Visitor: 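This is the structure, below, for whatever I ask next.
Reminder, nothing fancy here: chain letters follow the sequence lines and each chain counts from 1. Source: prediction; values computed, not measured. Heavy-atom basis, side chains included; hydrogens, waters and symmetry copies ignored.
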Amino acid sequence: MKLTVRVWRQAGPQAAGRLVDYEVPDVSPDASFLEMLDGLNERLTAAGEEPVAFDHDCREGICGACGVMINGVAHGPGRATTTCQLHMRSFRDGDLVTVEPWRARAFPVVRDLVVDRAALDRVVQAGGFISARTGSAPEANSVLVPKPDADLAFDAAACIGCGACVAACPNASASLFTAAKIAHLGLLPQGQPERHRRALGMVERMDLESFGGCTWFGECQEACPKGISIDFITRMNRDYLRAAAQPAQAEAAAGAI
Amino acid sequence: MTIPLDAKVPAGPLAEKWDRHRGALRLVNPANKRKHVILVVGSGLAGASAAASLSELGYRVKCFCFQDSPRRAHSIAAQGGINAAKNYQGDGDSIWRLFYDTIKGGDFRAREANVYRLAQVSVEIIDQCVAQGVPFAREYGGLLANRSFGGAQVSRTFYARGQTGQQLLIGAYQALEKEVARGGVEMFPRTEMLDLVLVDGRARGIVVRDLVTGAVTSHAGDAVVLATGGYANVFYLSTTAKGSNVTATWRAHRRGALFANPCYTQIHPTCIPVSGDHQSKLTLMSESLRNDGRVWVPKRAGDARPPHEIPDAERDYYLERKYPSFGNLSPRDIASRAAKEVCDEGRGVGPGGRGVYLDFRDAIQRLGEPAIAERYGNLFEMYQRITDENPYRAPMRIYPAPHYTMGGLWVDYNLMGTIPGLHVLGEANFSDHGANRLGASALMQGLADGYFVIPLTIGDYLASSKLAPVGTDHAEFRRVEAEVQGRVNRLLGTRGTRSVDSFHKALGHLMWERCGMARSPGGLREALVEIPTLREQFWAEVRVPGTGEAFNQSLERAGRVADFLELAELMCRDALHREESCGGHFRTDHQTGDGEAKRDDERFCYVAAWEWTGEGAEPQLHREPLAFENVHLATRSYK
C-alpha cells in the first residue's frame, strides 16, 4: 500500500520543529510501524536527506524504548500495543498518517521523534525499589505470597516505562507509571517496610519533575500498552495519604530525597 | 608467541572449589573501597546487578548504557524463565544435576568449575530476586511455582509469566537506581563505549561517545567490567534487540583481549518465521511453549492442506519420534537442526516452506483454553499481533533464528580476561554454556556473574595490584580518543552511495548461509573471501548522513556494522578450524549416520581463544584444554 506520512522533524532540543510530509509507496501490510519508518529512512538516506530519528530497540513490545503519537494517539490505533508491535495492516492504502513525539514538558525532544524520559528514572530513584542488599536475602520460600497478591503485583509490574501514559494524559501526569511501581512493590510482603516512604518519595519526585497532576481523565489506561489499570492510582493516593498523615514517615522520606 | 591461558581454577574437589576460593580471595577494606572507581559497561542483568552490588560494597561505580534508560537493556526481552537448583518440586533436582545438565547441554565444551559454581549460586539468585520484589509465578499456597525447560527432566525453571527477563531486569535496575540515589553509582545513559584504554598493560579506562551531543570523552578507573551482551546481530535478522552489538568486546579484543569460541552461536528453534524483505528483526516464541505445544510437519512433502485437515496419522511429530525421552523439550540446537532437516526435505509449512507447526490443540483439549491462556497468554497475543493468526485455533508456525552467542571474550575463573583489570560478565564472556546454552540459563548466568561472582573476585584483583593513579589527562587516553574520533570522521567522510543497513543485511545473509545452522568447509572458505570484500566495499561505499556532533543513529549503526564485519571473519575462521560438530556448531562433514553432531574429543576438547594480531593479519589461536575430572565425556544423547 501507499501512505503519506506526516512526521515531526526537529534537529535538536533548541531547534524549532515542523511537520513534513513524505510519500511512502510499497508498504507491506505485514511490516511493523517501525519497519515502515525504516523503509522511509532508507529512502531518505538514498536521497541524501537525514533519516527520521526514533527510539526503538527490542521490537517485541517489552523494552519500552519505542513510542510515538500516531494520528494523535499514543502508540497508535492498536489496543494494548506498543508502536513496534503495531502492524501496517491496521492502516489503509492512501491513508495520511501523522507521527509526532511524546508531548510533555517533562519529556524534552532530543531529535525528531526521540524524547528524553530520564524523569521517569528519577522517579524510581526516589523510592521505587526494595532495599535488599545483595547476599542478605532470606530463603525464597520462607515468605509466602498469596497467589492473587502475586498476580496483582505482576499486573502492575508489567509496566515497560515507555511514557505513553504521560503522553496520552491532557495534564502530562506520570501517575499511572508511578502508581504501578508503588503498587507492584506495595502489594508484596517484601515491600512493606518501605511502603510509606516509597509512596511519599515517588509522588513528591513526580511533582518536582514537571509532570502534571491526575484529574481522572483515564486516557493513560487506554494508551497503556500493557493494559495497566488506573485502579492502581487510587491505591497510590491511599498509600500517599496514609504516609503523609504520619509525620515521622514524612520526615524520614523528606530526608531521603 | 603463545599467551599462557591460566584459568585460575581453584584446587580441591569440585563441590568445594568456590567455597575454598572465596575464603582465599584477598579483600579490600571498607574505607579503601571508596577509593576505587569501577567502570561497568552495560546495564542488563549482569551489568546492573554488578553495578548495584559493587556500589553496595562501597566502590565508586560508573555505569554506561547506550539505551536511554538502563531499564531497557536487552535482558528485558528474555521470556521463559531462570533455572535454579532449589528442588522445590521434590523431583530429584540438585546442584549436581543442574551442573551436569548444563555441561551436557553445552556438549562438553565448557569449563567444569565455572559451571558447577553457576549451579551453586543459582539458589542464591532466586532468594535475592524474591527479596527485591520480583513477582515470580506462585502456587495457591503462596510458594514459588516452577516449569520445565529444554534439556532437563526436572522442573527447575522459575518464571514470571512470559516476562521473566523483564521482571529480573527491573529488579536489578531498581537496585541500581537505589544506588544512583545514594550516590554510589553515576549513571551514563545514551553513552556508547567505543574503545578500551590500557595503561601499563592494564585496563584503566574507556572512551565513550555521548549519543546525544556526539562528544567523544574518556573515563578512567581501576577496573573495567564489560557486560555488553552477545553478537547475534552479526546475522542481521536475530531475536536480539536492534541496538545490541559487539563493539565493546570487539574493541577490547583489538586491544589484546582474547576472543573465545566465536563460532558457538545459538539458533533458537521457536521463532516466528520471516514474512518479507521489510523484516528488521525476528521474534522469539518462548521455549516454555514446548511444555504444552507439540511440534510437527506433514509426513508427505508438499502437503498443502491446512493443518486441521491433516489427520494425526499423516503428521510427523518428529521431535517425539526421534528423541522420545526429551521429545518436544529437546535442547535448542537439536530442535533447530531437526526443523531445518524436515524443511530441507520439502515438508516445511507456510510461505516458502520454512516453518514447522507448534500445536496446542491437544493441550487445549486436555487443560482447557483458560489454563493455556494463563500460562502463555501474552505470547499468544504477541504471535497473533505479528502474524494475524489465532494460535488458539490454528497451530503456530515457527522456524529457527539466531538468538544467543555462547562465544565471547575469554575469562578466567575470576571472570577476568587476558588484559589485567578487564572483567567480562554475562553473554559477553564465553564461560559457562560451552557449545550450546540450555533454556533459562542465560538469566541465571548474568545474575550469577553480577550479583555473586564479580563483587568478590574484583576485590582480589584490586587488593593484589599496584595501581598508580591514572586520570583521563594521561597521554594514552588522548591517543585512543583521537583514534576513536578518527574512526567517526572516516565513517562520516566516506560519503558513498549505500546505506549502513544494506551492508548489514548483506553480511547477515552471508553469515546465515555460511556460518548458520549448518557449516561446510567449502562454504566457510568462500565466506572468508566474501567477508573481506564486503568490508572493503563498506569502507568505500557506505553513506552515513548527518554529522558527528549530534544525535545520529546512522552513525551509531555504522560503527557497529563495521565491527560486525571484522567479527564475522573471526567466526568463520573459528568454525573452519573446529573440525568437529558440537552443540550449535554443526559441521556437515562431521555428522553421524543419522545426522547427529559428531564431536572429536581427541582433537578439539579445548577452548579456542583468538588473539588479534593486526589489520589484515591472521589471528593467532591459543588453546585452553578442557579437563573433565568429574563427568564422563559422553556422546550427548536425548533419545
Visitor: Considering only heavy atoms, which portion of B:L211 lies under 4.5 Å from any heavy atom of chain A: side chain, backbone, both, or neither?
Guide: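 The answer is neither part of B:L211.
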Visitor: Where on A:R111 is there a heavy atom nearer than 4.5 Å to chain B: the side chain, the backbone, both, or neither?
Guide: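 Side chain of A:R111 only, per the 4.5 Å heavy-atom cut-off to chain B.
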Visitor: With rounding to the nearest 0.5 angstrom, report the CD1 to CD1 distance, A:I62 to B:I76.
Guide: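 One gets 6.0 Å once the value is rounded to the nearest 0.5 Å.
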Visitor: Before you tell me yes or no, could you show the steps for A:E50 and B:Q553 under side-chain contact (heavy atoms from CB on, under 4.5 Å), namely the whole-Å CA-CA distance, both residues' side-chain angles and the distance that decides it to 0.1 Å?
Guide: CA-CA 10 Å; A:E50 289 203 30; B:Q553 292 172 315; over 6 Å; no
Visitor: Any side-chain heavy atom of B:Q174 sitting closer than 4.5 Å to one from A:K181?
Guide: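 B:Q174 vs A:K181: side chains touch.
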Visitor: Evaluate the criterion side-chain contact (heavy atoms from CB on, under 4.5 Å) for residue pair B:K281 and A:E60; output intermediate values, then yes/no.
Guide: CA-CA 9 Å; B:K281 78 156 297 208; A:E60 296 187 7; 2.9 Å; yes
Visitor: Give, for atom SG of A:C58 and atom CG of B:L284, the distance between the pair rounded to the nearest 0.5 Å.
Guide: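 Between atom SG of A:C58 and atom CG of B:L284 there are 11.5 Å.
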Visitor: At what distance, to the nearest 0.5 angstrom, does OG of A:S28 lie from CG of B:D277?
Guide: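 Those atoms lie 9.5 Å apart.
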Visitor: Is the closest side-chain heavy-atom distance between B:K242 and A:R59 below 4.5 Å?
Guide: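 Side-chain contact under 4.5 Å: yes.
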Visitor: Does any heavy atom of chain A fall under 4.5 Å from the side chain of B:I126, the backbone, both, or neither of them?
Guide: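 B:I126 touches chain A through backbone and side-chain heavy atoms alike.
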Visitor: Would you mind checking which part of B:T387 comes under 4.5 Å of any heavy atom in chain A, side chain (CB onward), backbone (N, CA, C, O), both or neither?
Guide: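 Interface part for B:T387: backbone (N, CA, C, O).
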Visitor: Between B:A52, B:A160, B:S502, which shows the greatest number of heavy-atom pairs under 4.5 Å with chain A?
Guide: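 Max contact count across the listed options: B:A160.
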Visitor: Can a donor-acceptor pair be found between the side chains of B:E56 and A:T134 at a distance below 3.5 Å?
Guide: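 The answer is yes; a qualifying pair exists.
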Visitor: By a 4.5 Å heavy-atom criterion (distance strictly below it), what part of A:A157 contacts chain B: side chain, backbone, both, or neither?
Guide: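 Interface part for A:A157: both.
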Visitor: Does atom CD (B:E389) have a neighbourhood of more than 12 heavy atoms from anything else shown, all under 6.0 Å?
Guide: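 Above 12, so yes.
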Visitor: Where on B:S554 is there a heavy atom nearer than 4.5 Å to chain A: the side chain, the backbone, both, or neither?
Guide: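 When you check distances to chain A, only side chain atoms of B:S554 fall under 4.5 Å.
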Visitor: Should we say atom CG of A:D93 is surrounded by more than 12 heavy atoms from elsewhere, each under 6.0 Å from it?
Guide: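 Enclosed.
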Visitor: With only heavy atoms counted, which part of A:D26 is less than 4.5 Å from chain B, the side chain, the backbone, both or neither?
Guide: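 Answer is neither: A:D26 stays 4.5 Å or more from chain B.
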Visitor: Do you know which of B:S244, B:S275, B:A241 has the most heavy-atom pairs under 4.5 Å to chain A?
Guide: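 Winner by heavy-atom pair count: B:A241.
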Visitor: Salt bridge (Lys or Arg N to Asp or Glu O under 4.0 Å) with B:R190: which of A:D55, A:D57, A:D121?
Guide: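 Among A:D55, A:D57, A:D121, the one that satisfies the salt bridge (Lys or Arg N to Asp or Glu O under 4.0 Å) with B:R190 is A:D55.
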Visitor: Return the option, out of A:A46, A:P189, A:G12, with the maximum number of heavy-atom pairs under 4.5 Å with chain B.
Guide: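 With the most close heavy-atom pairs to chain B, the winner is A:A46.
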Visitor: By a 4.5 Å heavy-atom criterion (distance strictly below it), what part of B:D388 contacts chain A: side chain, backbone, both, or neither?
Guide: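 Both backbone and side chain of B:D388 come within 4.5 Å of chain A.
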Visitor: Would you indicate whether the side-chain heavy atoms of A:F154 and B:R161 approach each other to under 4.5 Å?
Guide: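 Yes, side chains in contact.
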Visitor: Restricting to non-hydrogen atoms, name the atom on A:A150 and the atom on B:R138 that form the minimum distance, rounded to 0.1 Å.
Guide: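 Looking at all heavy atoms of both residues, the shortest contact is CB-CD, 4.0 Å.
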Visitor: Side chains of B:F136 and A:V145: does their closest heavy-atom pair fall under 4.5 Å?
Guide: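 Not touching, per the 4.5 Å side-chain cut-off.
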Visitor: Please state whether the side chain, the backbone, both or neither of B:E556 comes within less than 4.5 Å of a heavy atom of chain A.
Guide: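 It is neither, since no heavy atom gets under 4.5 Å.
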Visitor: Listed by chain and number, what are the side chain to side chain donor-acceptor pair (under 3.5 Å) partners of B:E179, not counting sequence neighbours?
Guide: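 Here the qualifying residues are B:S55, B:R182.
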Visitor: Does B:E381 form a salt bridge (Lys or Arg N to Asp or Glu O under 4.0 Å) with A:R79? I'd like the steps, not just the answer.
Guide: CA-CA 11 Å; B:E381 273 170 43; A:R79 210 178 147 67; over 6 Å; no
Visitor: Restricting to non-hydrogen atoms, name the atom on B:I386 and the atom on A:R89 that form the minimum distance, rounded to 0.1 Å.
Guide: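 Heavy atoms of B:I386 and A:R89 come nearest at O-NH2, 2.9 Å.
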Visitor: Heavy-atom cut-off 4.5 Å, strictly under: side chain, backbone, both or neither for A:V27 against chain B?
Guide: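 A:V27 has no heavy atom closer than 4.5 Å to chain B.
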Visitor: Do you know which of B:Q67, B:M187, B:Q167, B:H74 has the most heavy-atom pairs under 4.5 Å to chain A?
Guide: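 With the most close heavy-atom pairs to chain A, the winner is B:Q167.
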Visitor: Verify the distance criterion only: is there a donor paired with an acceptor across the side chains of B:K178 and A:Q125 at less than 3.5 Å?
Guide: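 On atom types as modelled, these side chains do not qualify, holding no pair under 3.5 Å.
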Visitor: Looking at side-chain heavy atoms only, is the closest gap between A:L144 and B:L143 below 4.5 Å?
Guide: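 Yes, at least one pair of side-chain atoms sits under 4.5 Å.
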Visitor: Check side chain to side chain donor-acceptor pair (under 3.5 Å) between B:S43 and all other residues, then give those that pass, not counting sequence neighbours.
Guide: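 Side chain to side chain donor-acceptor pair (under 3.5 Å) list for B:S43, sorted by chain: empty.
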Visitor: Check whether A:V115 gets within reach of chain B through its side chain, its backbone, both or neither, counting any heavy atom under 4.5 Å.
Guide: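 The backbone, not the side chain.
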Visitor: Can you tell me which of B:G243, B:A77, B:S280 forms the most heavy-atom pairs within a distance under 4.5 Å of chain A?
Guide: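 Looking at each of B:G243, B:A77, B:S280 in turn, B:S280 comes out on top.
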Visitor: Given that the side chain runs from C-beta out, which part of B:F66 has a heavy atom under 4.5 Å from chain A: side chain, backbone, both or neither?
Guide: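 B:F66 touches chain A through side-chain heavy atoms alone.
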Visitor: Among A:S142, A:C159, A:P29, single out the residue with the greatest number of heavy-atom pairs under 4.5 Å to chain B.
Guide: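 Winner by heavy-atom pair count: A:C159.
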Visitor: Any idea which of A:G61, A:G48, A:A158 has the most non-hydrogen atom pairs under 4.5 angstrom with chain B?
Guide: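 Top count of heavy-atom pairs under 4.5 Å with chain B: A:A158.
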Visitor: Which atoms of A:I160 come close to chain B, meaning under 4.5 Å heavy atom to heavy atom: side chain ones, backbone ones, both, or neither?
Guide: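 The answer is both parts of A:I160.
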Visitor: Find the one option among A:G191, A:A156, A:A132 whose heavy-atom pairs under 4.5 Å with chain B are most numerous.
Guide: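 It is A:A132.
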Visitor: What heavy-atom pair brings B:V130 and A:Q190 nearest, and what distance separates the two atoms?
Guide: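 The pair with the smallest heavy-atom distance is CG1-NE2, 3.3 Å.
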Visitor: Using side-chain heavy atoms (C-beta onward) and a distance below 4.5 Å, is B:P135 in contact with A:H184?
Guide: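 Yes, close enough: below the 4.5 Å cut-off.
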Visitor: A:T45: which residues meet the side chain to side chain contact (heavy atoms under 4.5 Å, CB included) condition with it, sequence neighbours left out?
Guide: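 Counting only residues at least two positions away or on another chain, A:T45 forms a side chain to side chain contact (heavy atoms under 4.5 Å, CB included) with A:P51, B:S499, B:R543, B:P545.
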Visitor: Only pairs of heavy atoms separated by less than 4.5 Å count here; which of A:A11, A:A53, A:G127 has the most with chain B?
Guide: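 Winner by heavy-atom pair count: A:A53.
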Visitor: Would you please go through residues 32-44 of chain A and name the residues with a non-hydrogen atom below 4.5 Å from one of chain B, in numerical order?
Guide: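 Result: A:E35, A:D38, A:E42.
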Visitor: Relative to chain B, which segment of A:S131 carries a heavy atom at a distance below 4.5 Å: side chain, backbone, both, or neither?
Guide: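 For A:S131, the contact with chain B is made by backbone and side chain together.
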Visitor: Relative to chain A, which of B:R495, B:R385, B:R498 shows the most heavy atom pairs under 4.5 Å?
Guide: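 Heavy-atom pair counts peak at B:R385.
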Visitor: Within the distance-only criterion (no hydrogens, no angle test), does the side chain of B:D68 pair as donor or acceptor with the backbone N or O of A:D116 below 3.5 angstrom?
Guide: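 Answer holds: no.
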Visitor: Checking the side chain of B:Q128 only, and the main-chain atoms of A:G135 only, is there a donor and an acceptor separated by less than 3.5 Å?
Guide: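 Judged by distance alone, yes, a pair lies under 3.5 Å.
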